[in-house]
Amino acid sequence: MGQRRRVAERRKTTRPAVLGGMIAVVVGGVGFGVYALTGGGAAADERTSAAADHKAVKTGPPSAAEVRTAATRFLTAWQQGRLSEAAAATDDAQAAATLLGGVAKDAHLKNVTLTPDTATGAKVPFSVKATVSYGKLSKPLAYGSSLTVVRRASDGEALVGWHSSVVQPELKDGDTLVTGASGTPPVKALDRAGGELTAAKYPSLGPVLDGLREKYGKTAGGKAGIELRVVRGKASQKAGLSDKTLVALSQGTPGTVRTTLDPALEAAAEQQVGKQAQASVVVLRPSTGEILAVANSGHGFNVAFQGSLAPGSTMKIVTSTMLFEKKLITPDASHPCPKTYKLAGWTFHNDDNSEIKKGTFKQSFGASCNNAFIDFAPKLSDDDLTKEAQQVYGLGMDDWAIGVPSFDGSVPVQSGAQMGASLIGQGGVRMNPLNMASVAATVEAGTFHQPYLVSPSVDNRTLAKASRTMSAKTRSQLKDVMRFTADYGTAAKAMAGMSGDYGAKTGSAEVDGQKKPNGWFTAYKGDLAAAGVVQAGGHGGDTAGPIVAALLKTGG
C-alpha cells in the first residue's frame, strides 16, 4: 500500500504552535465551578494535598474530585503548550509526549481552545477548536473528543488514561497529525459507466476511496493539495487503514481512477445493508472476477473486504469440493447426519439438535446438518482442507491484489477437534464477504478468478491464480447441492422466485460472548455471485439471505 509522504523532516525550522486562551471547566453533576486553565489554582492545591497524604495507596475508581483535578491538569497544560507537563498528567508519559510534541510541531494548529463537557463517571468529553495555518492558508478546525481518568496501580494517582484518540478520535495508537502537502494527490474514482463515486452518494465507499487514493494517487495524474491529515503508523497500516484527511486547506488536482463498480448494484447494495445492523455484502462477476458492488451498514472499517470472521456453514462448499474430489461421497449417496458426533474429546451438535437418520448427502448439505461433514474427519489429513481452499479457491495465500486493501481468507492447518470444526467453517477458519462471494463465483465459473476493483491493466499488477481447477464432474456435483439448497433447503425462502442457473448456501457462525450467531449467505445466479454477513443477526437464511438474493435479482 502506498505511503503518504511525511512532511515533518523537511520542516525542522517550524516553530511549535503557541496554544493559548482560557477555558471554562463546567463538568455537571459533580460540583464543578468555573476554572481558568492556568495550571494552578484549585487543581494545584488539590495535587499538593494528595501528594502529602501517602499513608496508603488509593484503589478503586477515581472520585469526582480526582476526575476534575486530573482532567483540568491535563487540558490546562495541553492548551497552554506545556506539553511535557500534559504528558506527565497521563499514565503513559512517553507516548503522550511523543504524540503531543509531534502534533505541536507538524499539525500547524494555532489558538487551540479546549472546553470540557459534563463528565460521566471517569469519562470527560471535551471540544477542540483551533485554526489550521500553513503558509498563507488557514481554516478553522473543530471536533469533539474525550478522556478517561484512571488510577495508576503503582501509587494510586488519578491520571488521564492515554490513547492517541484523546488528541483526535480518528487517531489510533501510533498515528499522528500532520499538515502539509499530502504525499498522495487526491483521486476521482469512477464507476464502470464513468460516473463519479463519492462517499456522500455511497457512504460505504469511504474506506474504499481512501484505499484508492493510497494506491493510485501518485500515478493517476493528480497534484497534491495542502491538508491536515491522520498519518497512519505501522500498526494501523498493518490493519489496512489508510491515511485520512481531516481538513483540506487547498484541494489539489485529482487524478482519475476507474473501478469495476456497477452504479445500480452499488446503490442497491447500500440500500440493502441499511436494513440490518452490522451487515456487509459483495457482488462479483464470476467470469472475470470484477467486483460490482461492496457495502457495509457501518461506514468505518470495511468488513466486506477486510473482515476476518468465521464463515460458518458457507464453508461447507469448500469442504464438499474436497469430499467430492476425494470420492468420499456423492450428492445422492445415503449419508445420515447423527444428532451428535464425538471427535477428539469434543461432542459436536447440529443446530437445534436436529438429525437426519436416513437421508442423502445432498439433503444434509441443504439442511446444513453439521455432523454429516464432521464425521468425515477421521478419513482426512490435517492439511486437506487448507490445500483445497488454497489450490482450488485461491484462499489464504495472501496474494490477492484487488486494488485496495483486502484480507484473502485463512484456512490454517489444524488437527483433532479443531480440524473437524474447520469443516463447518468454525475453528480457525476466517473469511469475509469478498472471500465467500469468490467461493460461489468459482463454483459458477468452474475456475478461480481473483476478484478485483481496479483493472490490472491500470498498473500492470499480476492477479493471483489458483494452482488447479476443479473437474467438470465436481463442479456439476457442487451446483447440484447448491441448487437443491436454494430450492428446498435453508436458502429456499430467500431465493424464492429465482430463475435460470442459480445455487446458494447459508451459514451461521457462533461467536464467543455473542448471543446470536453471525448470519452468512452466499449464492450465484448466472454471471453474478454475491455473499453477505449480518453480525449477531442469527440464521443466515433470514438475515443475510434477503440482502444477497435482492442483489442477484437486481443485477440479473
Side-chain angles (χ1 to χ4, degrees), residues 19-104 109 112-130 142-175:
L19 308 182
M22 304 290 283
I23 181 167
V25 180
V26 185
V27 183
V30 294
F32 263 111
V34 177
Y35 292 81
L37 288 190
T38 62
D45 291 342
E46 198 161 341
R47 287 199 305 274
T48 302
S49 175
D53 181 13
H54 42 256
K55 294 180 181 179
V57 175
K58 289 185 177 181
T59 60
S63 67
E66 288 176 310
V67 171
R68 176 182 66 218
T69 297
T72 300
R73 177 186 175 196
F74 172 73
L75 294 173
T76 297
W78 176 15
Q79 178 171 282
Q80 295 188 349
R82 303 195 310 276
L83 303 183
S84 60
E85 199 175 309
T90 74
D91 66 348
D92 191 344
Q94 183 176 353
T98 299
L99 180 58
L100 290 170
V103 169
L109 305 183
V112 175
T113 302
L114 309 171
T115 307
D117 203 344
T118 304
T120 302
K123 184 175 181 180
V124 181
F126 62 93
S127 63
V128 180
K129 290 185 178 181
Y143 60 88
S145 189
S146 65
L147 60 86
T148 300
V149 177
V150 300
R151 192 179 298 286
R152 186 163 56 194
S154 61
D155 59 7
E157 184 176 1
L159 299 167
V160 172
W162 181 254
H163 287 286
S164 298
S165 57
V166 171
V167 173
Q168 215 289 336
E170 293 288 348
L171 291 171
K172 308 298 182 185
D173 289 342
D175 299 347

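All residue numbers refer to positions in the sequence shown, counting from 1.
Rounding to the nearest 0.5 Å places CZ of R151 at 10.0 Å from CG of L159. The CZ atom of F74 lies 5.5 Å from the CG atom of L100; values are rounded to the nearest 0.5 Å.
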In a table with atom names and distances, give each donor-acceptor pair under 3.5 Å that connects a side chain of residues 164-173 to protein atoms at least two apart or in another chain.
residue, atom, partner, partner atom, Å
S164, OG, D173, OD1, 3.4
Q168, OE1, E170, N, 2.6
D173, OD1, S164, N, 2.8
D173, OD2, H163, ND1, 2.9

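For A158, the side-chain contact (heavy atoms from CB on, under 4.5 Å) partners are P62, E66, V149, not counting sequence neighbours. Every residue meeting the side-chain contact (heavy atoms from CB on, under 4.5 Å) condition with A88, not counting sequence neighbours, appears here in chain and number order: R73.
Here the closest heavy-atom approach between residue V124 and residue A119 is recorded as CG2-CB, 4.0 Å. Contact between A153 and V57 at its shortest, heavy atoms only, is O-CG1, 4.0 Å. Shown here for V112 and A130, the closest heavy-atom pair between the two residues is CG2-CB, 3.8 Å.
Looking at T115 and F126, their side chains never come closer than 4.5 Å, going by heavy atoms from C-beta outward. Residues L75 and L147 have side chains in contact (heavy-atom distance under 4.5 Å, counting atoms from C-beta outward).
Exactly one of T118, T148, V67 qualifies for a side-chain contact (heavy atoms from CB on, under 4.5 Å) with K123. That residue is T148.
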(message) Working note: D92 + Q94, criterion side-chain contact (heavy atoms from CB on, under 4.5 Å); need CA distance, chi angles, decisive distance, verdict.
(response) CA-CA 6 Å; D92 191 344; Q94 183 176 353; 4.2 Å; yes
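Using a distance-only test at 3.5 Å, with no hydrogens or angles considered, no donor-acceptor pair links the side chain of R152 to the main chain of D91.
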